[in-house]
Structures are given as C-alpha cells and as structure tokens.
Amino acid sequence: MIDVLIVGAGPAGSVMAKEMASRGFETLVVEKRQEIGAPKRCAEGVSGHGFEKLGIKVNPLSIARKIKGAILYAPSGKAVTMEGHGMEGFVLERKVFEKDLASQAIKAGAKYMVKSLAIGMEKHGNAWRVRVRTIEGIKEIEAKLVIGADGVESKVGKWAGLKTVNRITDYHSGIQFEMAGVNASYDYIHLFFGREVAPLGYAWIFPKAFSANVGLGILEKAAKMRAYDYLKKFIEEHEEIFKNAQPIEINAGGVPVAHFTKMVADGVMLVGDAAQLVNPIHGGGITRAIHSSIMAAEVAEKALKSGDLSKEKLQEYEKMWEAEYGEKTKKLMKLRSFLEKLEDKDFELLADILQGEDIYQLTQAKLSFLIKKLITKPSLLGLAKKYLMD
Ligand SMILES: Cc1cc2nc3c(=O)[nH]c(=O)nc-3n(C[C@H](O)[C@H](O)[C@H](O)COP(=O)(O)OP(=O)(O)OC[C@H]3O[C@@H](n4cnc5c(N)ncnc54)[C@H](O)[C@@H]3O)c2cc1C
C-alpha cells in the first residue's frame, strides 16, 4: 500500500508528485505514454506573469523562445499589439519542460512508471486498488489517495463516480502543425480572429527556437468543416507567412473550456485538465494545472496525516480553487459568451477602439470598462450590456 498514486505525468501530475514526495509521502506516477512530454498536445505558450505569481522558475532549457507579447489580428488583418508589463511570456519546449518537472519530482523521491496505462480502479477497504497495464503485464497497485492528473480525457474521475463530462459545446477542437520556415516576427505570439478563420475560437502562430506552432481551436457546433480544413485554409491564405514553411509535427487535442465543480471523491482528487481547469477565454491550461496541484497537495498532506481521506475532508481543495479562481472564471465565461456572439465586422470595430492594454485587462477579467469604451458603438454596446453586466 502506497500513500499516493498519480495517474498521468503531464504538468499537473509531475508537480503533484514533487509536492507529495517532498513532504515525505510514498508517491508513484503512472504514465501511459512511452516518453513523458511527447507527443505534445499544446501550443506551449505561457505568460511569465502567471508563472511568477506561483513562484515557478522555469529552467532556461525548457524555454524555446521568450516573447515580448501578442499581436491580435481582426479578419481584415488590422493588428493590435499587446506588450509591456505583464504581457511577456515564453513558448516552452514541452518535451523538455515535462521531463524537467518529472526529474524534479524524482529528485524529491517520487517513483515513475512509463508506458503504464491505468485501466480501472475499485475501492478496497479504505484504499483504492488501481489496475495498470505495464510492459510486464497487468499490475494492481493499492493507494490511500489516487490523483487523477490524466488530462482532458480523464477516466479517474469517472471511475470514482464523479460526473466529469461537460456539454459537447464546452470543448474546443484543437489542431496544430509545428512548422519550420515560418516568416513572422519571432518576438510575439500571433492570434487571428474571425468566423471564417476559426469559428468561435482563434488561430495562432507561436514562435519557437527554429520553428513555430501554427494551429487553431474551433467550436465544432459553429463550424462548416473540420478543424484540419480550417488550418489548411489559414495556411493557404497567408502566403507571405507560410510560402517556405513545412510541417515537422502534427498535434491534435480537445480543450475543455468550461469547468465543473466536483473535483474530489473519497480518496480521489482531480487536478489540471482532468478537472477541466483551463482558462475559458484562451484555453491555456498549464499554469492552472500546476496551481491546482500545488493547492491539492496542501490539502492532501493534511488529509493523509489525519488519516481522513473522505470527500468532505478533501473538499477543502475545491473551496481553495473556488476562492482563487471562481469569480474570475465566471467573469471570463461571460466574456466568452459575448465574444461568441461577435460577427467579423464586430471584431473590426473592437480592433478600432481597443488598445493592447485594454485587451490585457479583459483577459484579467476586468470587464466593466468595456461598456464605457463601447459607448460610440451602439451595435456592440447592447451585446456587451446583455452579456457582461451582472
Ligand atoms: C491544441 C492545444 C493547444 C494548447 N495550447 C496551450 C498553450 O499554448 N498554453 C497552455 O497553457 N495550454 C495550452 N493547452 C492546454 C494544455 O495543453 C493543458 O491545459 C495542459 O497540458 C494540462 O496539463 P495536465 O497535466 O492537466 O494534463 P496533460 O498535459 O494532458 O497530461 C495528462 C497526462 O496523463 C496521461 N494519461 C492519460 N490517461 C492515462 C491513463 N489512463 N493512465 C496513465 N496515464 C494517462 C497522458 O498521457 C498525459 O501525459 C493546449 C491544448 C491543446 C489541445
């Protein structure tokens, strides 16, 4: 019987592993992939500000490129640049970043098993018995606490009886090429908006050391074709950027853009994408995944020490999350509802009146100033009042 079994060695799983092992708990991580960090399902962008707030120092080897900010493009091509304090960030090399996080956990005493797929779990007395398919056959591992860090397709929550599947409209479909030979400024990330570009989502170019992640996320309900077709079209329509570019990797994945609130069951906690904790506006989830594990570990330590791993005891983690992110997430969901109503002509209007700093404030869930800014744009003012006001 071990103390903690963590399913999944993404950012959430490895940070949880480090937190628990460094507190002296016997911790094991099982990861289904044969290589931690690969293949990535991510554009790899993070804000420096978000990591700073959590006190995370990124190993320079994990950073593919430092960026000064973002350039946002309306459908006509009109650009708004966001740069300055708080808007800097990194594009990571996730294959290195995730291995670095795993190395830190191992240094703290955690054990890892790769190419090991959790296939089910049952309650056994006060513990969970988790079945894992490994290279050596099926193993049964008993743990006092199971952490579901198994990403957007999480099974752990389901096995524990939690309702973990949202409405289909709460998932975005993401598709991406990593491309070499992209001709764009490598100092910024680039975000492209418009119904014909990426319905109810956006397209992106995130520059790396020698290449760039070029992708998009769409809401399938609003789409006329597959995400892949939109991406091909986006590349074809930006000849000056992609004339000499070729794909060196292809990635696809779902992004859960709405959070559900039940993150714990008896002896079980969900962290990161398994609890659908991504930012509902831009779909970034790395920072929130790491933060959720830091919070969950604080609660798990107390629960393990007291011998009480009941749902009621573990719910303190849900409360901590709600206190930190609840209000902000609600506001960002409102902003998302507003943005989802916009036509291409509305994006042009917004590009006319919003500066980079304004857009940054919106991403920080500061919404009320937008109403004042829209006074001269009656068509948008009505929508903003309907969706953004309390
Ligand atoms: C196209 C796309 C682009 C994105 N771009 C960004 C971005 O630029 N910035 C950002 O911050 N976020 C981005 N995200 C979101 C980000 O990738 C996730 O929020 C983040 O990876 C969450 O970390 P996690 O550890 O919770 O889950 P994951 O990173 O998904 O890790 C889950 C791990 O669990 C393993 N696993 C799953 N099931 C089992 C099982 N049964 N047994 C054993 N192991 C299992 C998986 O193999 C995986 O390693 C993007 C997502 C997509 C799809």
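When a ligand or atom number is given, it counts from 1 through the structure's own listing order. Positions are given from 1 along the sequence. Just the heavy atoms: all of them, side chains too, but no hydrogens, waters or symmetry mates, feed the values below.
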### Query
Does Ile175, backbone or side chain, put an N or O under 3.5 Å from an N or O of ligand 1?
no
## Note on the structure
Taking only non-hydrogen atoms of Gly151 and a 4.0 Å limit, the atoms of ligand 1 in range are 27 (O), 30 (O), 32 (C)
### Query
Should Trp204 be counted as touching ligand 1, given the test is an N or O pair under 3.5 Å?
no
#### Entry: Any Ser116 heavy atom less than 4.0 Å to ligand 1
yes
### Query
Under 30°, 30 to 60°, or over 60°: which ring-plane class applies to Tyr188 and His190, parallel, tilted or perpendicular?
perpendicular
### Query
Taking N or O atoms only and a 3.5 Å limit, does Ala118 qualify as a polar contact for ligand 1?
yes
### Task
Ignoring angles and geometry beyond distance, decide whether Thr287 reaches within less than 3.5 Å of ligand 1 through its nitrogen or oxygen atoms.
no
### Query
What residue and heavy atom of the protein are closest to atom 32 (C) of ligand 1, and at what distance?
Ala149 O, 3.3 Å
### Summary
Checking heavy atoms under 4.0 Å, the part of Asp150 that sits near ligand 1 is both
### Task
Please confirm whether Arg33 comes within less than 3.5 Å of ligand 1 when only nitrogen or oxygen atoms on both sides are compared.
yes
## Note on the structure
ligand 1 atoms nearer than 4.0 angstrom to some heavy atom of Gly253 are 53 (C)
### Query
How close does the nearest protein non-hydrogen atom get to atom 26 (O) of ligand 1, and which residue and atom is it?
Asp273 N, 2.8 Å
### Query
Using a distance-only test with no angle check, is there a side-chain donor-acceptor pair under 3.5 angstrom linking Ser62 and Glu93?
no
### Task
Kindly confirm or rule out an N or O of Glu44 lying under 3.5 angstrom from an N or O of ligand 1.
yes
### Query
What do we get for Met16 next to ligand 1 when only non-hydrogen atoms under 4.0 Å count, side chain, backbone, both or neither?
neither
### Query
Can an N or O of Gly272 be found at a distance shorter than 3.5 Å from an N or O of ligand 1?
no
### Task
Pick one of side chain, backbone, both or neither for how Lys155 approaches ligand 1, counting any non-hydrogen atom pair under 4.0 Å.
neither
### Side chain, backbone, both or neither: Leu117 near ligand 1, heavy atoms under 4.0 Å
both
### Nitrogen or oxygen of Trp159 less than 3.5 angstrom from that of ligand 1
no
### Query
What about Ile286: any of its N or O atoms under 3.5 Å from an N or O on ligand 1?
yes
### Query
Side chains of His291 and Tyr325: do they bring a donor and an acceptor to under 3.5 Å?
yes
### Task
Run the numbers on Ile205 and Phe242 for side-chain contact (heavy atoms from CB on, under 4.5 Å), then give the verdict.
CA-CA 11 Å; Ile205 302 173; Phe242 299 111; 3.7 Å; yes
